[in-house]
Amino acid sequence: MCAHRTTQEQIVMLEDKDAALHALRHSLAHIMAAAVRQLRPDARLAFGPPVEYGFYYDFDFGETPIGENDLKQIEQGMRAIIKKREPFVREDKPCDEALRYLEEQGELYKLEYARELIEEGKAANGTLSFYTSGDFTDMCEGPHLEHTGQVPKNCFKLDRISGSYWRGDEKRPMLTRIYGLAFASGAELKEYLAMRKLAMERDHRKLGDELDLFIQDSEVGVGLPLWMPNGTVLRDELEKWAREVEFLAGYQRVTTPSVTRKELYLRSGHVPYYEDSMYPSMPIDEHDEYYLRPMCCPHHHKIYAARLRSYRDLPLRLCEYGDVFRYEKHGSLSGLLRVRAMCMNDAHIYCTPEQVASEFRNVVAMYQMYYGHLRMGNFRVRLSLHDKNSAKFVDRYEEWERSESIVREVLDGLDIKYEEESGEAAFYGPKVDIQVKNLMGREETVSTCQLDFMMPDRFDLTYVDADGERKRPFILHRAPLSTHERMISFLIELYGGAFPTWMAPVQVCLVPVNPAMLDYASETKDMLHTAFFRVEVDNSAESFNKKIRNAITRKIPNIWILGEKEKEAQAVTWRRYAEKEQQVVSRHAALNMLTTMRAQRLMDNFADVALPDC
RNA sequence: GCCGGUGUAGCUCAGAUGGUAGAGCAGCUGACUUGUAAUCAGCAGGUCGGGGGUUCGAUUCCCUUCGCCGGCUCCA
């Protein structure tokens, strides 16, 4: 009875291109499940939704898992089903019949889900929908194509196999997930595959190795990167920038240690709330235990608490690029993106309740300045809230509600677009997170700003107000430049390893046209070096062409070519990495230009940025 | 931590149904002295990730362990 209506709905929806793609991917997931069933009749079905670049389906293969070698055969099975032009027939089964059917089929996962849908009253008209194509039936809300023959030629490809927990819960069974790529046409699939291949060239792990930025060594330990001289330049430049920005914004720098007694973390609540993410404790002097710190906050709170604070001292802004250590799960580590030792652009702002909103605004403005300058345009803002059903969060319901509404109001007041997500907060308070996707499409939090209502109590932080009363300050935790590790991993990929002059490990490469020019080159080098520029002369025995090629391969932002003409005119021929067009500039002017570029932190790694006039 | 894949010279890769391995680039040496993306020649480089087992013999088969890759979980 409903098949008719559904077909009409589908036709309406198919007019929308996105909906059509959605239906295509949905149908391919169904077709894949059918093909998998032909190969492995015992496979149990779990979820199989469309996703950003295609679809996946989760299966339970019991004792005999499948591997990537099986994908070809499954793909062949799918093609055969597509060739048969099997119609997708919808049937709405009454709930009790649906449950009985799933139980008979032994579809335990689907059965669990069906029960849940019914309990939550999501079974429309007391029925659950099933789709059948050929001899394969699946409980599914649709919509699907009209028949399998509507799948465009070569529009899909089975991509990879991975594991996934049933309902995303690590305590429940591990299923096998098969990912497929699917697009509206074969051409679009090809385009995506080409794009993905190109993107791999910018992978920060690959570039990090090629450009000598960082290494990892299994004897040192996983997730513990070693920064090479070139990578350390990037860190230093970001830190230098942060120091200037923070100085102007009224922050004060502090320095605190990386290890600390357990007592501190009992007070802060890191033990037990955060203990799973910490390196195990070290026994010291028989009765004492120390931890590597996972965060700097408790140390900063102690600095606040060490002196009597007046309302006149607030807001007090303490900052530190601090090393922190977190015991991330082995399998989640990835290049610089997820590590176990990291250095964070940390700061804590202690302020009165009246100051919270304006301090929050200032922090957000700082983010916007950094992101705008670095041209990190592709992010979303997430308001991360607690989840009262989770034990991960401190159990103080009213304060959660209150602080969450403060943050929400600030964001609304700033007219910032954001998405709320529960269960993403810090254990001690709500956060505003800046979420960025890397080349591989993996989304991570880069920057975060948190409102803390709990630590002031735990650390008994107070200030004396104008009325002589002791009151609780609020705390903002913020890290706009993230950790060096994560920020630099994103920047490497965003810039394809080509950094602006102010950050670049080697800022200028001097290429003499012939050995007779070595003197002029070395004199020029001294001039730049004395002015604190990172400069190299290529005095190798290579050909001129090879020297140019080498400098370009290393993505050095500026090549200065020195020949007879240049020496005669006391000039250089300036070739930028970002732009082929080159210019002849007097050596004196060139130095001034470089100095300006450094001072302004010019983003000359982009072709639309011109060299300054000097 | 869990699931799947993978591991050959510094890097990118080739190769042998079990008889101890090659190429390009990089490195070193020499020649060439160069005006905008690879000059030529020679040399040197690997207990084929580690350990154990089967075998006359293993890098190749089996077990185990470590690293790496993609996911899941988790998070800056």
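Model, not experiment: these values are computed from the prediction. In the text below, chain A, chain B and the rest are named by the order of the sequence lines, each starting its count at 1.
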How would you label the contact of [X] with the nucleic acid (heavy atoms, under 4.0 Å): base, sugar-phosphate, or nothing?
X: A:A541; result: base
X: A:S277; result: nothing
X: A:V324; result: nothing
X: A:S482; result: sugar-phosphate
X: A:E219; result: nothing
X: A:R575; result: base
X: A:K565; result: base
X: A:N545; result: sugar-phosphate
X: A:R486; result: base
X: A:Y179; result: sugar-phosphate
X: A:G563; result: base

Is there a donor and acceptor pair, one atom on the side chain of [X] and one on the base of [N], closer than 3.5 Å?
X: A:R338; N: B:C74; result: yes
X: A:T445; N: B:A76; result: no
X: A:Y165; N: B:G1; result: yes
X: A:Q582; N: B:G35; result: no

Taking atom [atom1] in both [N] and [M], compute the distance separating them and give it to the nearest angstrom.
N: B:U29; M: B:G45; atom1: P; answer: 16 Å
N: B:U60; M: B:G1; atom1: P; answer: 25 Å
N: B:A16; M: B:A31; atom1: C1'; answer: 39 Å
N: B:U17; M: B:G22; atom1: P; answer: 16 Å
N: B:A37; M: B:A21; atom1: P; answer: 42 Å

message = Which residues pass the salt bridge (Lys or Arg N to Asp or Glu O under 4.0 Å) test with A:R25, not counting sequence neighbours?
response = none

request  = Mind checking salt bridge (Lys or Arg N to Asp or Glu O under 4.0 Å) for A:E424 and listing every partner two or more places apart, or none if nothing turns up?
outcome  = A:R382

Pair listing, salt bridge (Lys or Arg N to Asp or Glu O under 4.0 Å) test, anchored in residues 558-579 of chain A, at least two apart = A:R576-A:E579

Watson-Crick/G-U partner (both atom distances under 3.5 Å) of [N]:
N: B:C56; result: B:G19
N: B:A44; result: none
N: B:C25; result: B:G10

Restricting both atoms to N or O, compile the protein contacts to nucleotides 24-29 of chain B shorter than 3.5 Å, with distance only.
from	atom 1	to	atom 2	distance (Å)
B:A26	OP1	A:K546	NZ	2.7

Starting from [atom2] on [N], measure out to [atom1] on [X] and report it in whole angstrom.
X: A:L336; N: B:C75; atom1: CG; atom2: C1'; value: 16 Å
X: A:M295; N: B:A76; atom1: CE; atom2: C1'; value: 9 Å
X: A:F325; N: B:A76; atom1: CZ; atom2: C1'; value: 14 Å
X: A:I161; N: B:U6; atom1: CD1; atom2: P; value: 11 Å
X: A:L175; N: B:C2; atom1: CG; atom2: P; value: 16 Å
X: A:M344; N: B:A76; atom1: CE; atom2: P; value: 7 Å
X: A:E581; N: B:U36; atom1: CD; atom2: P; value: 15 Å
X: A:W166; N: B:G71; atom1: CH2; atom2: C1'; value: 18 Å

task = Any chance you could lay out the side-chain contact (heavy atoms from CB on, under 4.5 Å) test for A:M78 and A:L158, step after step, and finish with the verdict?
result = CA-CA 10 Å; A:M78 291 173 72; A:L158 295 188; 4.0 Å; yes

Taking the side chain of [X] as heavy atoms from C-beta outward, which of [options] is closest to it?
X: A:E328; options: B:C74, B:G35, B:G1; answer: B:C74
X: A:S164; options: B:A37, B:C72, B:A76; answer: B:C72
X: A:S332; options: B:U36, B:G35, B:G1; answer: B:G1

Kindly give the atom pairs (protein nitrogen or oxygen, nucleotide nitrogen or oxygen) under 3.5 Å for nucleotides 63-69 of chain B.
from	atom 1	to	atom 2	distance (Å)
B:G67	OP1	A:H330	NE2	3.2
B:G67	OP2	A:H330	NE2	3.4
B:C69	OP1	A:R205	NH1	3.2

inquiry  = By nearest heavy atom, map A:T483 and A:R549 onto RNA chain B; which one lands nearer the 5' end?
reply    = A:R549

task = With RNA chain B as reference, determine whether A:M342 or A:E68 sits nearer its 5' end, using the nearest nucleotide of each.
result = A:E68

message = For a quick check under 3.5 Å, do A:H299 and A:T260 share a side-chain donor-acceptor pair by atom type?
response = yes

request  = Flag the pair A:Y53 / A:Y179 as yes when their ring centroid distance falls below 6.0 Å, and as no otherwise.
outcome  = no

ask   = Would the A:F55 and A:Y57 ring centres measure less than 6.0 Å apart?
value = no

task = Name the orientation class of the two ring planes belonging to A:Y428 and A:H270 (parallel below 30°, tilted from 30 to 60°, perpendicular beyond 60°).
result = tilted

query = OP1, OP2 of B:A76 versus side-chain N and O of A:K431: anything below 4.0 Å?
reply = yes

message = It should be established whether A:S543 places a side-chain nitrogen or oxygen under 4.0 Å from OP1 or OP2 of nucleotide B:U34.
response = no

query = Any ion pair linking A:E485 and A:R235 (charged N to carboxylate O, less than 4.0 Å)?
reply = yes

key: Verdict with supporting geometry, A:Y327 and A:Y279, ring-ring contact (aromatic ring centres under 6.0 Å, His included)   = CA-CA 5 Å; A:Y327 190 76; A:Y279 273 91; 5.6 Å; yes

query = Taking all non-hydrogen atoms of both residues, which atom of A:E542 and which atom of A:K547 are closest, and how far apart?
reply = O-CE, 3.4 Å

ask   = Do the side chain of A:T483 and the main chain of A:M344 share a donor and acceptor less than 3.5 angstrom apart?
value = no

inquiry  = Determine whether a donor-acceptor pair (N or O, by modelled atom type, separation under 3.5 Å) exists between the side chain of A:R340 and the backbone of A:G223.
reply    = no

message = Determine whether A:E444 and A:V436 satisfy the following criterion, side-chain contact (heavy atoms from CB on, under 4.5 Å), listing intermediate values before the conclusion.
response = CA-CA 6 Å; A:E444 298 279 2; A:V436 180; over 6 Å; no

task = Report the C-alpha distance between A:L510 and A:D538 in whole Å, list the side-chain angles of each, state the deciding distance to 0.1 Å, and finish with yes or no for side-chain contact (heavy atoms from CB on, under 4.5 Å).
result = CA-CA 6 Å; A:L510 302 177; A:D538 188 343; over 6 Å; no

Under 3.5 Å, which protein N or O atoms sit close to an N or O of nucleotides 7-17 of chain B? Give each pair with its distance.
none

ask   = Under a 90° cut-off about 0 for the syn range, is B:G45 syn or anti?
value = syn

